[in-house]
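Accompanying notes for the structure given below.
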2 protein chains.
Amino acid sequence: MPVAPSAVPAKSPPRDSARIYSIAELAREFAITARTIRFYEDEGLIKPRRQGLTRLYSAHDRVRLSWILRGKRLGFSLAEIKELLDLYQVDRTGLQQLRELLRRSRLHITDLERKRRDLDAHITEFREVEAQVAAELKQRGVDPEND
Amino acid sequence: MPVAPSAVPAKSPPRDSARIYSIAELAREFAITARTIRFYEDEGLIKPRRQGLTRLYSAHDRVRLSWILRGKRLGFSLAEIKELLDLYQVDRTGLQQLRELLRRSRLHITDLERKRRDLDAHITEFREVEAQVAAELKQRGVDPEND
DNA sequence: ATTGACGTTTACGTAAACGTCAACTATGAC
DNA sequence: GTCATAGTTGACGTTTACGTAAACGTCAAT
């Protein structure tokens with residue numbers, strides 16, 4: 001169901017923060033399927049507004065979605081991503097909750113830093129492979145740049 | 001089947017590069033199960049020597065295994081990891097193969113660099129969460145350091 | 001009024017990455 | 001010999017992260 005463009009004359013240009021996205025729109029933008037987005041909702045990762053049955057995604061939802069996908073690219077499971085997202089959302093009034101939040105943030109940061117070391121090592125190794133192969137090609141009189 | 005510790009007297013201390021590992025040993029070291037290691041073998045990621053049926057892992061196999069696990073932590077699939085490992089192994093005599101190797105290396109590096117940007121963004125965000133929470137705790141007169 | 005584009009739910013299917021037996025084998029210790 | 005320990009090969013089960021299809025609703029345009 002296409003979202004009805006309300007017929008108010010000279011509607012102010014949709015400010016980015018107020019824009020509303022359809023599920024297909026987001027699916028296109030992020031190169032995933034609508035099914036995937038609905039699945040994330042089932043798993044409690046996003047909670048779009050509804051107009052009847054149809055889902056309406058806010059700019060905030062969009063950011064969340066892109067955040068989720070970034071997490072995926074880094075190898076986090078959806079469960080982990082949910083936990084990470086919750087870190088931003090949790091109630092920060094209670095003292096005990098604040099300490100718990102701090103603890104979990106630090107745990108995650110430790111994990112992230114490990115990933116970073118892993119990644120740096122990986123990159124270094126592959127840069128070396130590239131350099132060696134490029135050198136070998138040069139020695140054989142081939143320009144490694146024109147593929 | 002325990003690997004027979006050959007009864008040669010004063011066996012030279014197992015030089016690291018010559019050491020042989022049992023499957024259980026590697027499983028313990030990397031905190032995975034033997035089943036997992038065998039599975040990786042089924043998938044063509046490692047190929048240990050055999051003594052009869054029993055698998056014998058060399059130092060080289062061990063390195064490969066740790067490499068695989070690092071890849072996993074970074075969110076690569078086993079199929080991707082296999083491809084990455086193959087980059088080190090492929091025949092580098094043919095010119096066409098060299099160019100292909102270069103091409104694929106560069107593709108992977110591009111992928112890795114994207115991951116790095118993702119990761120850096122992630123880390124930055126969580127450091128900010130930590131800082132904010134720590135500041136809030138301080139303001140309430142709590143030392144964020146003693147948990 | 002029908003076609004098409006887009007939306008919905010429900011439900012079963014599937015690929016990846018192992019876990020978990022079960023049933024068997026080989027070796028060293030007693 | 002037999003027991004404990006460590007290894008082996010199937011084979012089926014499980015979790016995660018969606019894919020795929022069915023069956024239907026709704027609006028705009030033809």
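We name chains A, B, ... by the order of the sequence lines, and we start the count at 1 in each one.
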Below the 4.0 Å mark, does [N] have OP1 or OP2 next to a side-chain nitrogen or oxygen of [X]?
X       : N      : result
A/Thr54 : D/dT26 : no
A/Lys72 : D/dA17 : no
B/Arg38 : D/dA11 : no
A/Thr33 : D/dG19 : yes

Rounded to the nearest Å, what distance is computed from the [atom1] atom of residue [X] to the [atom2] atom of nucleotide [N]?
X       : N      : atom1 : atom2 : answer
A/Leu53 : D/dC24 : CG    : C1'   : 11 Å
A/Ile46 : D/dA17 : CD1   : C1'   : 14 Å
B/Ile32 : C/dT20 : CD1   : P     : 15 Å
A/Phe30 : D/dC18 : CZ    : C1'   : 18 Å
B/Lys82 : C/dA17 : NZ    : C1'   : 16 Å
A/Ile68 : D/dA17 : CD1   : C1'   : 13 Å
A/Glu80 : D/dA17 : CD    : P     : 9 Å
A/Phe39 : C/dC12 : CZ    : P     : 17 Å

From [options], pick the nucleotide closest to the side chain of [X]?
X       : options               : answer
B/Ala24 : D/dT9, D/dG7, C/dG7   : D/dG7
B/Tyr40 : D/dT8, C/dC18, C/dG7  : C/dC18
A/Arg50 : D/dA17, D/dT8, C/dT8  : C/dT8
B/Ile23 : C/dC18, C/dG7, D/dT8  : D/dT8
B/Arg55 : D/dG7, D/dT8, C/dC18  : D/dT8
A/Thr36 : C/dT8, C/dC18, D/dG19 : D/dG19
B/Leu78 : D/dC18, C/dA17, C/dC6 : C/dA17

[X] with [Y]: basic N within carboxylate O range, under 4.0 Å:
X        : Y        : value
B/Arg104 : B/Glu80  : no
B/Arg114 : B/Asp118 : yes
A/Glu29  : A/Arg19  : no
B/Arg117 : B/Glu113 : no

> Which is it for B/Glu25 and B/Tyr57 under the side chain to side chain donor-acceptor pair (under 3.5 Å) test, yes or no, and what are the steps along the way?
Replying inline: CA-CA 10 Å; B/Glu25 204 172 349; B/Tyr57 296 86; over 6 Å; no
> 5'-most contact on DNA chain C: B/Arg35 or B/Ala79, nearest heavy atom basis?
Replying inline: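 That would be B/Ala79.
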